[in-house]
Colleague: 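Provided herewith is a single structure, encoded as structure tokens, for subsequent inquiry.
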Amino acid sequence: TISSCALVAMGRKSISIEAGELLECFQWNDTNYNMDNVLEELADVTNYCLQMAQVLGVDIIDVVNKKMDITEKKYPVEKAKGVSTKYDKL
């Protein structure tokens with residue numbers, strides 16, 4: 001059987017490859033893209049992320065919510081809305 005470390009390594013590669021394919025959908029034009037292709041690649045990225053979370057034994061919703069809490073603290077709306085300044089420069 002494949003170890004969980006090997007599965008995570010394969011997942012990292014797959015996520016990266018699929019994320020690249022998703023970005024290719026917008027490579028030449030950010031406004032004129034094929035939505036069917038975008039959704040297909042977005043589904044691929046999401047599926048590999050969900051598989052990695054399962055292998056790691058983590059609740060992906062909990063992971064995302066914790067990250068959102070961290071981001072909210074780093075980038076408070078009243079300081080960060082409409083600007084691209086890094087959090088330590090706000």
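The figures that follow rest on heavy atoms only: side chains count, while hydrogens, waters and symmetry mates do not.
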Colleague: Do I15 and V63 belong to the same hydrophobic cluster, where Ile, Leu, Val, Met, Phe, Trp and Tyr are linked whenever their side-chain heavy atoms lie under 4.5 Å apart, directly or via other members?
Modeller: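 Same cluster: I15 reaches V63 through Ile, Leu, Val, Met, Phe, Trp or Tyr contacts under 4.5 Å.
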
Colleague: For N65, give me all partners under side chain to side chain contact (heavy atoms under 4.5 Å, CB included), at least two apart in sequence or on another chain.
Modeller: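 Scan of N65 (side chain to side chain contact (heavy atoms under 4.5 Å, CB included), adjacent residues dropped) gives I61.
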
Colleague: Between atom OH of Y75 and atom CD1 of I70, what is the distance when rounded to the nearest 0.5 Å?
Modeller: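 Those atoms lie 12.0 Å apart.
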
Colleague: Sequence neighbours left out, what passes side chain to side chain contact (heavy atoms under 4.5 Å, CB included) with V83? Give chain and number order.
Modeller: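 For V83, the residues satisfying side chain to side chain contact (heavy atoms under 4.5 Å, CB included) (neighbours in sequence not counted) are T85, L90.
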
Colleague: Do Q27 and L23 come close enough that some side-chain heavy atom pair is under 4.5 Å?
Modeller: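 Not in contact.
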
Colleague: How about F26 and V38: do any of their side-chain heavy atoms sit closer than 4.5 Å?
Modeller: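 Yes, their side chains come closer than 4.5 Å.
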
Colleague: Can you tell me how far the CD atom of E21 sits from the OG atom of S16, to the nearest 0.5 Å?
Modeller: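 It is 10.0 Å, given to the nearest 0.5 Å.
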
Colleague: Taking salt bridge (charged side-chain N to carboxylate O under 4.0 Å, His left out) as the test, write out the residues that go with D69, two or more places apart.
Modeller: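 None.
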
Colleague: Residues two or more places apart in sequence or in another chain: which of them pass side chain to side chain contact (heavy atoms under 4.5 Å, CB included) with K66?
Modeller: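 Checked K66 against side chain to side chain contact (heavy atoms under 4.5 Å, CB included); matches are D62.
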
Colleague: Name every donor-acceptor pair, under 3.5 Å, that has one atom in a side chain of residues 39-53 and the other anywhere in the protein, sequence neighbours excluded.
Modeller:
{"unit_1": "T46", "atom_1": "OG1", "unit_2": "L42", "atom_2": "O", "d": "2.9"}
{"unit_1": "N47", "atom_1": "ND2", "unit_2": "A43", "atom_2": "O", "d": "3.2"}

Colleague: Scan for salt bridge (charged side-chain N to carboxylate O under 4.0 Å, His left out) pairs involving residues 22-34, sequence neighbours excluded, and state none if there are none.
Modeller: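 Qualifying pairs, neighbours excluded: none.
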
Colleague: Side-chain heavy atoms under 4.5 angstrom apart, residues restricted to Ile, Leu, Val, Met, Phe, Trp, Tyr: same cluster for L22 and Y33?
Modeller: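 Yes, because L22 and Y33 connect within a single hydrophobic cluster, where side-chain heavy atoms sit under 4.5 Å apart.
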
